[in-house]
Every structure is written in structure tokens, then in C-alpha cells.
Asker: 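The structure follows.
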Amino acid sequence: MGMVTANVGRGDGGSTDLLGQRRVSKGSVAIDALGDLDEATSAIGLARAHLHLVDMAAATLLEQVQRDLYEAMAEIAIPVSRAGGSRVDAPRLEWLTRTCEQVDLATPTPTQFVLPGVSVVGAHIDVARTVVRRAERTVVRMLEAADADPAADLPTNRLLGAYLNRLSTLLYLLARGADAATGRAPDFARSARLS
């Protein structure tokens with residue numbers, strides 16, 4: 001308890017601690033990326049809490065991607081000069097790619113745009129997907145900032161963005177599978193409008 005109270009108010013001036021004992025501005029693109037990834041893993045957790053009632057294997061997949069996102073956050077929080085390598089690496093990306101392929105084969109995937117909301121669990125997964133897409137855009141901005149200013153000590157691992165891109169695909173597929181598990185047909189964006 002003493003450690004928590006010792007840090008209360010420390011960030012009131014607009015800076016925060018990252019791993020590697022450095023303080024950075026809360027306006028830093030790295031902090032934006034960490035915040036978006038934190039929100040993404042929380043949204044995935046909410047979806048997982050609902051999904052385990054419908055599909056335990058899919059819920060287990062979501063737990064694994066949450067763990068991968070924590071590795072991504074650690075990679076962003078540690079200065080590149082002290083990191084000692086990438087935490088999101090080619091084998092993790094390959095695992096996610098294979099997982100997407102397997103889920104795609106087992107999931108009825110519509111060829112039209114779908115309106116989220118056919119099922120509660122599918123809607124939660126779709127919300128998580130949109131948060132992951134935002135996190136991907138922020139990570140891309142962070143990688144671009146690292147390219148523009150190598151002295152910023154920001155991550156340069158392009159696999160971070162690729163992982164998030166694949167993850168949004170997986171979440172789309174899992175949302176459609178969750179919708180199908182409820183026995184309801186998808187609502188398509190292009191359908192008859194009420195008059």
C-alpha cells in the first residue's frame with residue numbers, strides 16, 4: 001500500500017514513468033500506443049467474459065492475444081536501447097496468422113458489410129476489433145516517429161503493427177462465429193430501410 005500512495009500525484013505535471021526508469025510526456029505517441037493497447041486488451045477481456053459462455057475455445061484464443069498484447073505493451077514501454085530484442089516476434093505473428101486461417105475455415109463469413117449487434121457477445125467482439133484498429137493506427141504513428149527521430153528511443157518493430165492488423169481480422173471472424181452460434185442471421189448494412 002505504501003508504494004501506491006508514494007506515487008499518488010506524481011503524474012499531475014503531465015509526465016509518467018515507463019519501464020527502464022524514464023519519465024515521458026503523457027502526450028507522447030508511446031503513451032498513446034500504450035493507452036490504446038490497454039483499452040484493447042480490456043475490450044477483449046469484456047468480450048472474452050461473454051464469449052466463454054458460447055465458445056470456450058474462442059475465449060481461450062482471446063486470453064492468449066491479451067497476453068500477447070501485454071508483451072507488446074512491455075516492448076513499447078522499454079526503451080529500444082535497453083530492450084534486448086522484440087517481444088512480439090515472427091513466431092507470434094505466424095501463430096496468429098495460422099489461427100486466423102483456422103477460424104476462417106470454421107466460420108461462416110458474410111461477403112457483405114455486417115451491422116454489429118446481432119448478438120451481445122458478437123457486438124462486444126466487434127467493439128474490441130475497432131479498439132484494436134485504433135491501436136494499430138497509433139502504433140503505426142509511433143513507428144513512423146521512431147523512423148523520423150532515432151534518438152527518441154521508440155520501438156522500431158514493424159511486427160507490432162502487423163500483429164494488430166491480423167488481430168482485427170481474428171476478432172472479425174470470432175464475432176461472426178459468435179453471431180452464428182446464436183442461430184441468428186447477420187444484419188447486413190445494405191438492406192431495406194424502414195420508411
Side-chain angles (χ1 to χ4, degrees), residues 18-19 29-30 32-80 82-111 114 116 119 121-144 146-147 154-181:
L18 284 181
L19 299 175
V29 69
D32 285 344
L34 289 169
D36 286 350
L37 288 171
D38 187 27
E39 187 177 348
T41 194
S42 295
I44 291 169
L46 180 60
R48 183 168 62 95
H50 289 274
L51 187 58
H52 86 276
L53 301 171
V54 176
D55 185 341
M56 188 53 107
T60 300
L61 288 177
L62 290 186
E63 181 181 345
Q64 181 56 60
V65 298
Q66 284 181 291
R67 294 181 191 287
D68 288 347
L69 290 180
Y70 276 108
E71 292 297 328
M73 286 189 277
E75 185 168 339
I76 292 168
I78 298 172
V80 170
R82 297 185 188 182
S86 299
R87 291 169 175 254
V88 176
D89 56 12
R92 287 317 302 155
L93 184 60
E94 289 166 14
W95 169 81
L96 187 55
T97 301
R98 282 192 316 273
T99 300
C100 286
E101 291 167 354
Q102 292 164 357
V103 172
D104 190 27
L105 289 173
T107 303
T109 309
T111 57
V114 174
S119 69
V121 64
H124 280 299
I125 299 169
D126 276 316
V127 168
R129 176 184 51 79
T130 65
V131 176
V132 166
R133 295 295 280 181
R134 178 166 24 95
E136 178 189 4
R137 293 189 300 272
T138 306
V139 165
V140 167
R141 282 196 306 277
M142 180 190 66
L143 294 168
E144 289 170 349
D147 289 343
L154 293 168
T156 57
N157 179 8
R158 299 273 178 225
L159 296 181
L160 291 167
Y163 186 94
L164 294 170
N165 186 55
R166 300 281 197 304
L167 178 54
S168 68
T169 299
L170 177 63
L171 292 171
Y172 176 81
L173 294 169
L174 291 176
R176 302 298 65 83
D179 287 347

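Because the structure is predicted, anything quoted here is derived from the model rather than measured.
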Asker: If every non-hydrogen atom of V121 is compared with every non-hydrogen atom of A178, which pair is closest and at what distance?
Answerer: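 Scanning both residues completely, I find the closest heavy atoms to be CG1-CB, 3.5 Å.
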Asker: Checking L170 against R166 for the side-chain contact (heavy atoms from CB on, under 4.5 Å) test, could you report, in this order, the C-alpha distance in whole Å, the side-chain angles of both residues, the deciding distance, and whether it holds?
Answerer: CA-CA 6 Å; L170 177 63; R166 300 281 197 304; over 6 Å; no
Asker: Compare every heavy atom of R158 with every heavy atom of L143, then report the nearest pair and how far apart it is.
Answerer: CB-NH1, 2.9 Å
Asker: So how far is it from I125 CD1 to S119 OG, rounded to the nearest 0.5 Å?
Answerer: 7.0 Å
Asker: Any idea which heavy atoms bring V88 and Y163 closest together, and the distance?
Answerer: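 Heavy-atom minimum between the residues: CG1-CB, 3.9 Å.
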Asker: Just wondering, do L69 and I44 contact through their side chains at under 4.5 Å, heavy atoms?
Answerer: yes
Asker: Is the shortest distance from a Lys or Arg side-chain nitrogen in R133 or E136 to a carboxylate oxygen in the other one below 4.0 Å?
Answerer: yes
Asker: Can you name the residues that form a side chain to side chain contact (heavy atoms under 4.5 Å, CB included) with A123, not counting sequence neighbours?
Answerer: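 Partners of A123 under the side chain to side chain contact (heavy atoms under 4.5 Å, CB included) test: none.
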Asker: Do side-chain atoms of T60 reach the backbone of M56 as a donor and acceptor pair under 3.5 angstrom?
Answerer: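 Checking the backbone N and O of M56 against the side chain of T60, a donor-acceptor pair under 3.5 Å is found.
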Asker: How many angstroms lie between atom OG1 of T169 and atom CG of L164, to the nearest 0.5 angstrom?
Answerer: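 With rounding to 0.5 Å, OG1 (T169) is 11.0 Å from CG (L164).
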Asker: Do L171 and L62 come within less than 4.5 Å of each other through their side chains, counting heavy atoms only?
Answerer: yes
Asker: Are the side chain of D89 and the backbone of R92 linked by a donor-acceptor contact shorter than 3.5 Å?
Answerer: yes
Asker: Any side-chain heavy atom of L37 sitting closer than 4.5 Å to one from T138?
Answerer: no
Asker: Go through it in stages, so that I can follow the logic: the residues are Q64 and T99, the test is side-chain contact (heavy atoms from CB on, under 4.5 Å), and I'd like the CA-CA distance, side-chain angles, deciding distance and then a yes or no.
Answerer: CA-CA 11 Å; Q64 181 56 60; T99 300; over 6 Å; no
Asker: Closer than 4.0 angstrom, basic N to acidic O: yes or no for E75 and R87?
Answerer: no
Asker: Does T107 have any side chain to side chain contact (heavy atoms under 4.5 Å, CB included) partners at least two apart in sequence or in another chain, and if so, which?
Answerer: V103, T109, R176
Asker: Drop me the distance from L173's CG to L61's CG, to the nearest 0.5 angstrom.
Answerer: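 With rounding to 0.5 Å, CG (L173) is 11.0 Å from CG (L61).
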Asker: Do you know the tightest heavy-atom contact between P155 and A146?
Answerer: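 Smallest heavy-atom distance, with atoms named: O-CB, 3.3 Å.
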Asker: Working to the nearest 0.5 angstrom, can you tell me the gap between D179 CG and L174 CG?
Answerer: 11.0 Å
Asker: Side chains of V65 and W95: closer than 4.5 Å at any heavy-atom pair?
Answerer: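 Sidechains of W95 and V65: in contact.
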Asker: If you look at every heavy atom in L160 and M142, which pair is closest and at what distance?
Answerer: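 L160 and M142 have their closest heavy atoms at CD1-CE, 4.3 Å.
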Asker: Are E63 and R67 within salt-bridge range, i.e. N to O under 4.0 Å?
Answerer: yes
Asker: Using only atom types and a distance under 3.5 Å, with no angle test, would you say the side chain of D126 pairs donor to acceptor with the backbone of A175?
Answerer: no
Asker: Any idea which heavy atoms bring L51 and A59 closest together, and the distance?
Answerer: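 Result for this residue pair: CD2-N, 3.6 Å.
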Asker: Do any pairs count as a ring pair (Phe, Tyr, Trp, His ring centres under 6.0 Å) and have a residue in residues 32-53, sequence neighbours left out, and if so which ones?
Answerer: H50-H124
